[in-house]
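The basis for the numbers below is simple: all heavy atoms, side chains too, and nothing from hydrogens, waters or symmetry mates. In listed order, ligands and their atoms are each counted from 1.
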Amino acid sequence: MDRGESLVFDRAVEYYDRTRSLSSASMDKLVPLIRRDVGDGPCLEIGVGTGRIALPLQAGGTAMVGLDLSQPMMRRLVHNAGGRLPFPLVAADASSLPFADDSFAAALAVHVLHLIPEWRRALEELVRVVRPAGALVIDIGRETKGPFRDLLAQFAAAANIPETHRGINDAGELDAALAELGAELTQTHVIEEMRSASYDKTIEALKAGTYSITWAADEAARHRAAAHTRRWAEARFGPLDRRYDYRLEIALRTYRLQGF
Ligand code: SAM
């Protein structure tokens, strides 16, 4: 296992839930949609994090198993579950799963494959541990557009870091890789919420290293890049306390594995 390669979220644990939570209205739509595909389980979630999706799924009746490289994130999951282990949690790498073939009825991977350079290997592993005719529900995260993208592009160029993720960046590649593994795309669903943020706050978040894409830059580089991005944004957008709208979304793709 090459732990250094995937992006582990230990450092995000203090703010992950605050910055990534969906409204209860969105969760009320999302959980039944996923449950329709994964059923009562057992369902493995790789990159389970703080349980944003797995905890409500388990509460809805799906028997979950969570796996993550980050023990702090899973400790937060247990805290979020009221301090008790809600379902089995395993500290391991998604590209080398410690489970026998055909152990699960379904698997879930939400906002994790973009963090794993060996994402193809992780897909092979999911196909191996899920039974024939089982479901894989995957969200690789969508390409963001609009002011956030523009700010990130400026920031990344100034910090000399890639603007793309180290794992998968494109849903078309995911479809092709899974088709090769004999899994067919059967459903897509998008749950979205409109949010707003000020230019100021976004640049502060880039500077603070809130988004995993900025972790390739050290603190000094992030500070320099933030100063550049502020100057650029003032010229481009005007006063930085103004707000812009953006979409927070979960874009699910469900694949069905070949039966016998
Ligand atoms: N799926 C959760 C959600 O939607 O809220 C958490 C997503 S969080 C952005 C990504 C999680 O994947 C982090 O907890 C990180 O530690 C974990 N992760 C990254 N690379 C991994 C790997 N190779 N194997 C297992 N977990 C990994």
Glu180 meets the salt bridge (charged side-chain N to carboxylate O under 4.0 Å, His left out) criterion, sequence neighbours left out, with none
Tell me every residue that passes salt bridge (charged side-chain N to carboxylate O under 4.0 Å, His left out) with Asp28, counting only those two or more places apart in sequence or in another chain.
none
NE2 on His189 to CZ on Arg36, rounded to 0.5 Å
4.5 Å
Any ion pair linking Arg128 and Glu124 (charged N to carboxylate O, less than 4.0 Å)?
no
Contacts table for ligand 1: protein N or O within a distance under 3.5 Å of ligand N or O, distances only.
from: ligand 1; atom 1: 1 (N); to: Glu45; atom 2: OE2; distance (Å): 2.9
from: ligand 1; atom 1: 1 (N); to: Gly47; atom 2: O; distance (Å): 2.7
from: ligand 1; atom 1: 1 (N); to: Val110; atom 2: O; distance (Å): 2.9
from: ligand 1; atom 1: 4 (O); to: Arg52; atom 2: NE; distance (Å): 3.3
from: ligand 1; atom 1: 4 (O); to: Arg52; atom 2: NH2; distance (Å): 2.9
from: ligand 1; atom 1: 5 (O); to: Tyr16; atom 2: OH; distance (Å): 2.7
from: ligand 1; atom 1: 5 (O); to: Arg52; atom 2: NE; distance (Å): 2.8
from: ligand 1; atom 1: 14 (O); to: Asp68; atom 2: OD1; distance (Å): 3.2
from: ligand 1; atom 1: 14 (O); to: Asp68; atom 2: OD2; distance (Å): 2.7
from: ligand 1; atom 1: 16 (O); to: Phe9; atom 2: N; distance (Å): 3.0
from: ligand 1; atom 1: 16 (O); to: Asp68; atom 2: OD1; distance (Å): 2.7
from: ligand 1; atom 1: 23 (N); to: Ser6; atom 2: OG; distance (Å): 2.9
from: ligand 1; atom 1: 23 (N); to: Asp93; atom 2: OD1; distance (Å): 2.9
from: ligand 1; atom 1: 24 (N); to: Ala94; atom 2: N; distance (Å): 2.9
from: ligand 1; atom 1: 26 (N); to: Leu69; atom 2: N; distance (Å): 3.3

Below 6.0 angstrom between ring centroids: does that apply to Phe148 and Tyr211?
yes
Residues that Phe104 engages under ring pair (Phe, Tyr, Trp, His ring centres under 6.0 Å), provided they are two or more places apart:
Phe99
